[in-house]
Amino acid sequence: FYDIVIEKQKKGGDEASDDLNDDGDLVKAFKVFDLNDDGFISCEELQSVLSRLGLWDEQNWQDCKRMISMYDMNSDGLLDFEEFKFMMLSDFS
């Protein structure tokens, strides 16, 4: 999913903008991480999903908190959909 978002950003132009304005794919991705369906992604949920995908080293718990804190605009320790969307659409290049 992340690769698709990055590829759309690289393309630029109106077509990529229209695609990124459609939140459908982002909502689906958000729901993958929001395991308890409360509308937020916690550090535990993020770690759980990344672990299941083989993308997480169990000994790096602090990294999970750091990942969330980078995009946690209201400092509640959770990512809501808008914060998740901002994270996914951020330009990492």
Side-chain angles (χ1 to χ4, degrees):
F1 173 78
Y2 177 76
D3 292 337
I4 292 169
V5 170
I6 295 301
E7 191 61 35
K8 287 180 181 181
Q9 284 181 331
K10 287 180 183 177
K11 286 182 184 177
D14 292 335
E15 180 181 332
S17 297
D18 290 344
D19 288 343
L20 293 176
N21 287 332
D22 178 16
D23 289 344
D25 289 337
L26 286 172
V27 169
K28 289 176 188 174
F30 182 82
K31 289 182 178 188
V32 167
F33 288 93
D34 182 13
L35 299 176
N36 64 3
D37 200 29
D38 67 352
F40 300 97
I41 299 171
S42 69
C43 189
E44 293 82 5
E45 289 171 317
L46 178 61
Q47 180 189 13
S48 176
V49 172
L50 293 177
S51 292
R52 282 190 277 144
L53 295 172
L55 301 172
W56 191 255
D57 179 359
E58 294 294 330
Q59 298 178 2
N60 292 327
W61 182 253
Q62 292 295 61
D63 288 343
C64 177
K65 290 182 180 183
R66 196 171 344 171
M67 286 171 64
I68 286 184
S69 70
M70 288 177 59
Y71 296 97
D72 181 14
M73 301 301 177
N74 61 1
S75 299
D76 63 356
L78 305 167
L79 291 180
D80 61 28
F81 177 72
E82 290 302 317
E83 293 164 336
F84 176 79
K85 179 178 175 180
F86 179 72
M87 177 182 73
M88 294 304 294
L89 299 179
S90 291
D91 185 7
F92 297 108
S93 57

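Predicted model, so just to flag it, every value in this text is computed and none were measured.
- Taking each heavy atom of F40 and E45 in turn, the nearest pair found is O-OE1, 2.9 Å.
- Closest heavy-atom contact between G39 and D34: N-OD2, 2.8 Å.
- Annotation: the span from K85 atom NZ to D80 atom CG amounts to 11.5 Å, rounded to 0.5 Å.
- A29 and F33 get closest at one heavy-atom pair: O-CD1, 3.3 Å.
- Atom CG of D25 and atom CE of M88 lie 10.0 Å apart (nearest 0.5 Å).
- Contact annotation: the side chain of Q47 never approaches that of E44 to less than 4.5 Å [non-hydrogen atoms, C-beta and beyond].
- Residue I68 comes nearest to L46 through the heavy atom pair CG1-CD2, 4.0 Å, listed as atom of the first residue, atom of the second, then distance.
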Give the C-alpha distance, both sets of side-chain angles, the deciding distance and a yes or no for side-chain contact (heavy atoms from CB on, under 4.5 Å) between K28 and K31. CA-CA 5 Å; K28 289 176 188 174; K31 289 182 178 188; 5.9 Å; no
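- Two different hydrophobic clusters hold M87 and L78 under the rule that ILVMFWY side chains link at heavy-atom gaps under 4.5 Å.
- Distance check, rounded to the nearest 0.5 Å: CD1 of I41 to SG of C64 gives 10.5 Å.
- F30 meets the ring pair (Phe, Tyr, Trp, His ring centres under 6.0 Å) test with F81, F84; sequence neighbours excluded.
- Nearest heavy-atom pair across E83 and L79 is OE1-CA, 3.2 Å.
- For V32, the side chain to side chain contact (heavy atoms under 4.5 Å, CB included) partners two or more places apart in sequence, or in a different chain, are V49.
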